[in-house]
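A quick write-up on the structure given underneath.
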Amino acid sequence: MSAEHVLIIDDSVESRRWIIDSVIRPAGYNVIEADNVVSARAILATVKPHVVILAAEIGPEGGLPLLAMREATLPVIVTTTHRSLDEVSAALSAGAFDVLIRPFEPERLASSIARALKISRAVNERDTLREQTEHQVQEFNAIYTVGKLMTGMLDVERILTLVVTAAANLTHAEEGTLMLVDPASGELYLRASHNMADATTRNLRVQVSDSLIGRVLQSRRPIMMSGSDLHKVQTWFLVRSILCVPLIAGNRVTGVLSVHNRISGHGFTEHDVHLLSTLADYAAIAIETARLYSQADRERTQLDTILRGIQDVVIVTDPNMRILLVNNAACETFNLSRKVIGQPLAEVMQVQAVRDLFDPDKLQSRAWRAEIVLPDGRTLQGQISMLHGVGYGAVMHDISRLKELDRIKSEFVSIVSHDLRTPLTTIRGFVNLLSRVGPLNPQQTEFVNRVERSMSDIVELIADLLDIGKIEAGLDWQMETVELHSLVAKTVERVRPNAEALKHTLITDITECALVQGNARRLEQVVTNLLGNAIKYTPEGGKIEVALKEDGDFLVLQVRDNGIGISIEDQHRIFDKFYRVESEAMQNIGGSGLGLSIVKAITEKHQGRVWVESELGKGSTFTMLLPRQAVSQSSPADSGSLIMTPENSE
Ligand code: ADP
């Protein structure tokens, strides 16, 4: 530690000499002397001694008034020739550290100086620590404030200016700049600055290859320069000291944050590097956030344009069925305005069928398809899906034209079938008569039998064709109260001989259920077709189970077999008209491919649903769900109607 300074204020040369020779020098202190009050004042104003030895009887007014002008922490030892207690206490109350009455032993003064210095050192240390702490708190506050402001700001311009200002203030620099890389030219351009003249900043662009700031970009490390030389940022931009740190986002360097001094040569410290690096991180985060925000904004605008433009109706809700999005087509079709955003769908949607589509109770699966018949006669094919983290989204496509084509085709098939039926009945009659009008040889008998079998297939096909036409058109559709359990039991008994002929075991588990509103003849047809298929598509000696039970608002009919089974791909198509699986197991089994489409059409007319679960080679289970209060679907309701089916039954 360098020697402490002791200031002796005394007008007696002898006294000063004695103090210096016997106390100051032996202890190795530096000495400053003042022989009058005026020069003492001047010294105190410029130099900071560690201890003062003051003669009380100096000058006409004495030395004690000097005590008032010293710094409170500076210890002053007063020497006096007065022996009165009043004098001593006057000096102590004026702030003297100690009072020595002359003559005194040199050891007395030496010990007083040593004590004073000890206290003065402790006070100095405390003050330095406090200063450091205060400085750190200030820095912390400044950085914390920048961080806090940043989280609430989306205006990247303001954030970056804030960062540069904080950087300059914290490092006590005259100026600050934040330069970013222009991806197009590869140059650095000025994005924000502090205390730079407009003329300087306007066109500030620097080449990466041959500039100081560019070097930071290339090396990805801070650069710190100071000293008496001028450093060149650009030809016209010279600084005396500069500190630059890179802005790093992910693994890319996107820019450089710099602070510099052009007038003073005040240099920067390692601590400043840390401060600036922290602020550079903030700036990098702000820029990245702004980039992501504008990207998200661009994508949102794009999506919005697409949604607005497409012809299909799109409606998205949150999990509580409050509307999040409606596109133009949705607004036009359902007469909605954008004001419906945020409102419950059930309250703003006039069309009951769409309300049903979004009914949470009915949404048991992740995706549903439905046909929505609008009051104006148009039919929409709607599909609602669960959107993870959003809610539900429905897309509705206008299939009116397809429906019309389907209707024309069905009508055509119906007319042709009808017209074929009469001549076919005649042919069948005459074929039956052949054996009666004369003896047939064995070969002729075989041929006649074959003709009869084919005739039966054709007649069955025509009956099915006419049936499906009638069901779809809603003809012969009288609804009555039906006891489904009796109907199922009766049908099972009717087909039992067919099952027994193939040595199948036919098991039933039919519980008594509530009455339903339905068409008994058609419901019997459903059971017949499902059972007929189970018998047909199960190899001899199989097991067929028929179960009926009530489950909540539904009656559940299940027909299970352990037959040939259906592949996943075919499960999607077997309810289509005329679709028959092509496989080896199917080769000798006859059919029109219409049975299940009749089942589906009848079920839907009862507002029910039907689907299959099956495994190839293991068997199939067909399930029909019928609402207890089923009503006819023969004509579209005024508010639109809905036919809902689970995805895999389509
Ligand atoms: P089909 O007159 O051919 O029986 P369906 O419409 O009743 O017509 O059935 C369509 C197709 O679905 C059948 O051709 C058959 O391939 C398949 N299928 C229907 N029921 C079963 C079943 N229980 N087991 C295996 N395949 C079946």
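Computation of the quantities below employed the complete heavy-atom set of this structure, encompassing side-chain atoms and omitting hydrogens, waters and symmetry-equivalent molecules. Each residue takes its place number in the sequence, starting with 1. As the structure lists them, so they are numbered: ligands from 1, and atoms in each ligand from 1.
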Dump the intermediate steps for side chain to side chain contact (heavy atoms under 4.5 Å, CB included) on His485 and Leu555, then the final yes or no. CA-CA 10 Å; His485 49 274; Leu555 269 64; over 6 Å; no
Ordered by chain then number, the protein residues lying under 4.0 Å from ligand 1 by heavy atom are Asn533, Ala534, Lys536, Tyr537, Asp561, Ile564, Gly565, Ile566, Ile574, Tyr579, Arg580, Val581, Met586, Gly591, Ser592, Gly593, Leu594, Gly595, Leu596, Ser620, Phe622
Side chains of Phe622 and Ile574: closer than 4.5 Å at any heavy-atom pair? yes
Any residue meeting side chain to side chain donor-acceptor pair (under 3.5 Å) with Gln558, in chain and number order, not counting sequence neighbours: Thr623
Restricting to pairs with a member in residues 373-391, which pass salt bridge (Lys or Arg N to Asp or Glu O under 4.0 Å), not counting sequence neighbours? Asp376-Arg378, Arg378-Asp398
Identified side-chain contact (heavy atoms from CB on, under 4.5 Å) partner of Val316 from the options Val326, Val390, Ile323, Val395: Val390
Under the rule for side chain to side chain donor-acceptor pair (under 3.5 Å), what residues qualify as partners of Asn320, not counting sequence neighbours? none
